[in-house]
Number of protein chains: 2
Amino acid sequence: MSDLDDVIPTGRRAVTRQKILEAAYALFTAQSVNLVGVDTISARSGVAKMTLYHHFQAKENLVLAYLDLRAKRWTVGWLKAGVKTRGATPRARLLAIFDLFHEWFEDEGFEGCPFLRIICESEAGSPVHKATAAKLGQIESFAGQLARGAGLPDPNGLAAAWMMLMEGAIMSARAGRKDAALKAKEAAAVLLAAWDRKSAKTAAVKTASIKRGAKAVRKRKPSR
Amino acid sequence: MSDLDDVIPTGRRAVTRQKILEAAYALFTAQSVNLVGVDTISARSGVAKMTLYHHFQAKENLVLAYLDLRAKRWTVGWLKAGVKTRGATPRARLLAIFDLFHEWFEDEGFEGCPFLRIICESEAGSPVHKATAAKLGQIESFAGQLARGAGLPDPNGLAAAWMMLMEGAIMSARAGRKDAALKAKEAAAVLLAAWDRKSAKTAAVKTASIKRGAKAVRKRKPSR
DNA sequence: CGAATTTTATACAGATCGGTACAATTATTC
DNA sequence: GAATAATTGTACCGATCTGTATAAAATTCG
């Protein structure tokens, strides 16, 4: 037994920790992080509350561990893997994201995206907020890889747009639109077909014109 | 004095009610509805808590009143009005939405969109959730009017896509992307230019193919 | 077996939440 | 000025929250 025996967690301590994390995963995925109490996690996991605080010193650490697990299971194990089996080319895989979303939204247990929920309800500069933003960035990077693999111009720009369509589809679905993924895929298909006729230079010019226009017309600060 | 004298609120009661609502507006706009307590609203408004409960029997009613006021001020007084002054044609106005968003996101007090926050954190079938979804639908209808005014095909489809880009831009900005509105406008411009070459029939065909594809490849239910 | 580690139950601290009881005070209105 | 309506302060209820103190019980392992 070397000093690295904890890399493969088979001990009692690791099992207990996993039970806590599994309960937190189910609860945090279904409900708001702020609405799930530590006592609920303790009860659901069958692990005493004291033990829970022995493993995670504060609830925040449990949330951070949840974010890692969610990214591993959802982003990698579900989104990336699912897209790979549904599309042969990077282009097809970009569009297949919305097929996966459609099934996700139709799931009876769909309660929106935990990442977006946490982005909404956590304080702007907090560790949880930063960690969640990083998980979202990981998803956008994935879209960027596909765009680059498809040989598209300005792949980062397309990834940003794709990300917004994904986020918007999730929010619309959460707001009750059952066809959000279908509508998003339609728009995504149109956007993708047109993106080829877009050069990186065009993007820069457009950005500049936006900035000039915004500054020129500004009159007064409205109510936000 | 007729029995309709309360349509123009000048009485003491109406003034008090407005003070409460103004405090709630500022607080609910800046922070989460669940994190703002009734005591805080009472303190900020300078109105006793008992009086607050005389006007609004429960906090939920105050939230519902806030949603109406927010829609009146933000959707109508800021978004619709701002877009009108910045664009002469419906097409220009559609794109001008993202210019407004850019200024919004740059505002120091930007804390995301209250509508989206409430959609995230309220229960799916609750009155607050439904009312908020209706306010979002109002915004989408506005985009649909512009699309129809621009003579675009499938204006409702474009409105849905536009709404998702708007929602996604807000979420991305909240997650830290300062250029979210610029990236959204780039994508929106590309999408808009390509939307002309899209017929309503194409949309129906694409939707059907999505449904077939999703059902055919389905293997197992993943972790949501 | 015996010792170290881990988990357990209970009870509680301190804070915040939405909502209410009560009695007194203030302002309006005829 | 008197009757009515509206607002006030304070204290409280019961429930919830994160986190802890304590000491016993269960498990692992040399």
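Per chain, numbering begins at 1; letters A, B, ... match sequence-line order. Because only heavy atoms are used, hydrogens play no part in the values below, and waters and symmetry mates are left out as well, while side chains stay in.
In this model, the phosphate group of dT7(C) is approached by a side-chain N or O of H55(A) to a distance below 4.0 Å at OP1 or OP2. A sub-4.0 Å separation between OP1 or OP2 of dA6(D) and a side-chain N or O of T51(B) is absent.
Side-chain N/O atoms of K49(A) and base N/O atoms of dG19(D) include a donor-acceptor pair closer than 3.5 Å.
Between W78(B) and W74(B), the two ring planes are tilted [angle within 30° to 60°].
For the pair D39(B) CG and dT20(C) C1', the interatomic distance rounds to 12 Å; values are reported in whole Å. Rounded to whole Å, atom P of dC17(D) lies 11 Å from atom OH of Y53(A). Atom CD in Q18(B) sits about 13 Å away from atom P in dT7(D), given to the nearest Å. Following rounding to the nearest Å, L52(B) (CG) and dT20(C) (P) show an atom-to-atom distance of 12 Å. Atom NZ in K59(B) sits about 4 Å away from atom P in dG18(C), given to the nearest Å. R13(A) has its CZ atom 16 Å from the C1' atom of dA26(D), to the nearest Å.
For the pair R73(B) and Y25(B), the cation sits on the ring face: its NZ or CZ lies under 6.0 Å from the ring centre, inside 45° of the axis.
In this model, a donor atom of one side chain and an acceptor atom of the other lie less than 3.5 Å apart for E121(B) and S32(B). A donor atom on one side chain and an acceptor atom on the other are found under 3.5 Å apart for S172(A) and E167(B).
For the pair V36(A) and M50(A), nearest-nucleotide mapping onto DNA chain D gives the more 5' position to V36(A).
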